[in-house]
Amino acid sequence: MRVVIKNCDEFYNTFKYVETLASEVKVMCDGEKVWLQVHNPSCTAIAEVKFPADYFEEYECENAITVGIHTKTFLSILKNTYKKKNVTLKMQASDAVDYMLVTVTQEDEVNGNLECAYQMKLVDIVSDVMNIPPQDVHSQYKLTVNTLKKWKEFLFANCPITFTPKDSGLVITCEDDMKHKLKLNDELNPSKWNEEMVDDAQRRKWKDISIGEANSNLIFALLSFGKDVRIQFFLEEAPVECYVKLNQGVLIRVFIAPKIRDEDSPPPSPVADPVPVRAQKRKTMDEQNDVEQLTQQKKAMTAH
């Protein structure tokens, strides 16, 4: 495998995003693309990134190969290519060696050209690639950079958030540790809305979707790409999907599992109708004497 990149900014941002999920990532290369799939330690979020062959300045991969990369080490190399002009990144790897050769070349007419070669040790990662089946989309919304920034400003920081899709917008609620509650109603026109007449209400098994505190930050972290983010929900209760399309066909997809719902508490028991209080019947003198005699007989029997 041998690839060359001229514009490295999106490549750097991609691995910066991947680092928020895992410290190690398995990168796969075949004849058509370089791609990776990574999940967070709790396996409640998974990211999938695909770089098609056309993305690279040069691309050679005759035989499929998989390499394990330590993301922090890799980013320390890539930062030397980020937001810099006249920089070329070359990466070479094969099954014959346990390292990747990464070369950074910077052309500078004033100070002269510079070339730095890194021999980055690879790591062994044992994990299976997860098959993500297609789902029937219920609703999809386009989130511009300004929309995401607006959400980040208004919503409580580091809190679980709950989405309620509507054909007139998207309702978001959240609650912090102090039980303060917030409701944000953003009037976004859905780019997809699968109402399916009456059947939709029957097929959809959920009213709203909640995601956890750490995973909600994965949505806002997509701001680093400076692109529109698509968020979509499915008819069945499935992970929330966010995806970003970058230049040259690069696609980043993030799937976030909904929080497990607590069992609905049973409704309170209905309040029983009060039993009517009956007025006590006044006893006659003869009835009163009979009661007193019976009481005295019981006391005498008890004494014996």
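Heads up: numbering here begins at 1 and tracks the sequence. If you're wondering where the values come from, they're calculated on a predicted model, not measured in any experiment.
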Give a yes or no answer on whether the side chain of [X] reaches the backbone of [Y] with a donor-acceptor pair at less than 3.5 Å.
X     : Y     : result
Asn40 : Leu21 : no
Thr71 : Ser23 : yes
Thr66 : Met28 : no

Apply the test side chain to side chain contact (heavy atoms under 4.5 Å, CB included) to residues Phe233 and Asp208: give CA-CA distance (whole Å), side-chain angles for both, the deciding distance (0.1 Å), then the verdict.
-> CA-CA 10 Å; Phe233 310 90; Asp208 50 39; over 6 Å; no
If you compare all heavy atoms of [X] against all heavy atoms of [Y], which two are closest, and at what distance to 0.1 Å?
X      : Y      : answer
Asn247 : Tyr55  : O-CD1, 4.2 Å
Leu155 : Cys174 : CD2-SG, 4.2 Å
Ile69  : Val123 : N-CG2, 3.8 Å
Gln248 : Pro52  : O-CG, 3.2 Å
Leu218 : Tyr17  : O-OH, 2.9 Å
Leu89  : Cys8   : CB-SG, 3.7 Å

For [X] and [Y], does a side-chain donor sit closer than 3.5 Å to a side-chain acceptor?
X      : Y      : result
Lys192 : Ser139 : no
Tyr12  : Asn80  : no
Thr88  : Thr105 : no
Asn215 : Thr44  : yes

Under 6.0 Å between the ring centres of Phe51 and Phe11?
->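 Yes, the ring centres sit under 6.0 Å apart.
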Co-membership, hydrophobic cluster, residues [X] and [Y], 4.5 Å side-chain:
X      : Y      : result
Val244 : Tyr82  : yes
Val229 : Val137 : no
Ile5   : Ile65  : yes

Among Lys150, Lys142, Lys166, whose salt bridge (Lys or Arg N to Asp or Glu O under 4.0 Å) with Asp186 holds?
->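 Among Lys150, Lys142, Lys166, the one that satisfies the salt bridge (Lys or Arg N to Asp or Glu O under 4.0 Å) with Asp186 is Lys150.
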Give the C-alpha distance, both sets of side-chain angles, the deciding distance and a yes or no for side chain to side chain contact (heavy atoms under 4.5 Å, CB included) between Cys29 and Tyr59.
-> CA-CA 10 Å; Cys29 174; Tyr59 187 87; 3.4 Å; yes
Closer than 4.0 angstrom, basic N to acidic O: yes or no for [X] and [Y]?
X      : Y      : result
Lys72  : Glu19  : no
Glu57  : Lys6   : no
Lys33  : Asp30  : yes
Glu175 : Lys179 : yes

Among Ile172, Thr173, Ile211, Val171, find the one that has a side-chain contact (heavy atoms from CB on, under 4.5 Å) with Thr162.
->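 In the set Ile172, Thr173, Ile211, Val171, the residue that makes a side-chain contact (heavy atoms from CB on, under 4.5 Å) with Thr162 is Thr173.
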Quick one: do Lys26 and Gln37 satisfy side chain to side chain contact (heavy atoms under 4.5 Å, CB included)? Show the steps, please.
-> CA-CA 7 Å; Lys26 183 165 64 174; Gln37 195 183 83; over 6 Å; no
How many angstroms lie between atom [atom1] of [X] and atom [atom2] of [Y], to the nearest 0.5 angstrom?
X      : Y      : atom1 : atom2 : result
Lys152 : Ile219 : NZ    : CD1   : 12.0 Å
Ile161 : Cys159 : CD1   : SG    : 9.5 Å
Leu235 : Asn194 : CG    : CG    : 5.0 Å
Asp98  : Met120 : CG    : CE    : 11.5 Å
Thr147 : Tyr141 : OG1   : OH    : 13.0 Å
Lys245 : Lys227 : NZ    : NZ    : 12.5 Å

Counting only heavy atoms not in [X], do more than 12 fall under 6.0 Å of its [atom1]?
X      : atom1 : answer
Asn113 : CG    : yes
Gln135 : CD    : yes
Asp108 : CG    : yes

So Thr14 and Ile252, side chain to side chain contact (heavy atoms under 4.5 Å, CB included) or not? Walk me through it.
-> CA-CA 8 Å; Thr14 300; Ile252 301 174; 3.9 Å; yes
Once the angle between the rings of Phe220 and Trp151 is folded into 0 to 90°, is it parallel (under 30°), tilted (30 to 60°) or perpendicular (over 60°)?
->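 Phe220 vs Trp151 ring planes: perpendicular.
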